Amino acid sequence: MITREPRGTQPPAPRPTPAWQQALASAIRDPEILLRRLGLAPDAVPGMQEADRLFRTRVPESYLARMQPGDPRDPLLLQALPRGEETHEQPGFVSDPVGDHDALAAPGLVHKYHGRVLLLTTGACAIHCRYCFRREFDYADHSPARDDWDAALAYIAGHQEIREVILSGGDPLALGDHRLARLAERLADIPHLQRLRIHTRLPVILPERVDAALLGWLGQGRLQHIMVLHANHPREFAAPADQALRRLAAAGVTLLNQAVLLAGINDDADTLAELQETGFHLGVLPYYLHQLDRTRGTAHFEVSAHRARALYRELHARLPGYLVPRLAREIPGEPGKTLLAPFPARE
Ligand code: SF4
């Protein structure tokens, strides 16, 4: 006999998996496959497997499609491909170069700077950038249990001077929209908050993420929404990322970009100028050009301060002022990012 549950008591139907989550699930996780897909020899990079064991490869298909097949120096490939240099210890390169651990005010909440706090929402990302300053961050130990934001929200509610909450990670857009919209609602209930900033690489790396569900909650609510993207090379803004960024801009989201200055990837004035021009064409304003955070295993990406300032001067000479990002470095204990330019260089 079939027993029917009374009307209204059936469990809700499971939500269909969004296309972006399927794309994330099928990201490439093996560096040999990544090389083969680009027509490169799978054993061409010394130490690749050891480096991969330290920080696992992750590259979505849509990002792979923007790499140049057959080019082992492709600037997008170099950001994502493990290399033996990552296993080398270098003096001054440490696990937490920006002092996040020391600035934890509650589980998952970093309070470093006046008026704003950072919520570490997840350890997940769509790509594993080899130079990442949080590649060794212990998310399991320093994050709240799933969706338990009570302590972090109580801290924010108790600090009237906080005007802005920054969702960070990992990548906050690796979380589903239901959870993000709920978190945004709870933040909007704190009267002294004015802005919700989202630090994310997903619209660039996995443009499928910019779908109707994301635009739906981003386009509403009391708080102003700002998205700080992370693209280092102009080709990262190519299709399909261009359409994703146009959709975000059309939804009224303020779009900024921060880039990291990376040896062999964007440490030339032509590339940096094109990055700013291409971004602006899509509605993205330059924000920061960061000197590399000195994370263990990333020394081969570092560009000297002298070279960085020379590049900055060249950008300043070529571009209108609003297209020149601030050249900055994060120094633990400082009240904000330390600007290396436009202040006059004393070298
Ligand atoms: S997306 Fe950001 S947090 Fe994630 S690996 Fe890249 S740099 Fe690190």
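Just so you know, ligand 1 is whichever comes first in the structure, and atom 1 is the first atom listed for that ligand. The figures here come from the full heavy-atom set of this structure, side chains too, leaving out hydrogens, waters and symmetry mates. Given the structure is predicted, the values throughout are model-derived calculations rather than measurements.
- Under a 4.0 angstrom heavy-atom cut-off, Arg134 registers as lying outside contact with ligand 1.
- With hydrogens and angles disregarded, no donor-acceptor distance shorter than 3.5 Å links the side chain of Asp293 to the backbone of Pro97.
- Evaluation of the side-chain contact (heavy atoms from CB on, under 4.5 Å) rule for Ala126 yields Leu24, Pro60, Leu202, Ile205, Leu206 as partners, not counting sequence neighbours.
- Set against the non-hydrogen atoms of Gly170, the atoms of ligand 1 under 4.0 Å away are 3 (S).
- Of all atoms in ligand 1, numbered sequentially from 1 with element shown, those under 4.0 Å from a heavy atom of Arg201 are 1 (S).
- Considering only non-hydrogen atoms, atom 4 (Fe) of ligand 1 lies nearest to Cys125 out of Ala126, Cys125, Gly123.
- A heavy-atom separation below 4.0 Å is not found between Gly169 and ligand 1.
- Cation-pi geometry between Arg326 and Tyr288 is met: the NZ or CZ atom falls under 6.0 Å from the ring centre, inside 45° of the normal.
- Residue Cys132 counts as close to atom 8 (Fe) of ligand 1, with an N, O or S atom under 2.8 Å.
- Panel note: side chain Asp71, backbone Gln68; no donor-acceptor pair is recorded below 3.5 Å.
- Scanning for salt bridge (charged side-chain N to carboxylate O under 4.0 Å, His left out) contacts around Glu236 gives Arg201, with sequence neighbours left out.
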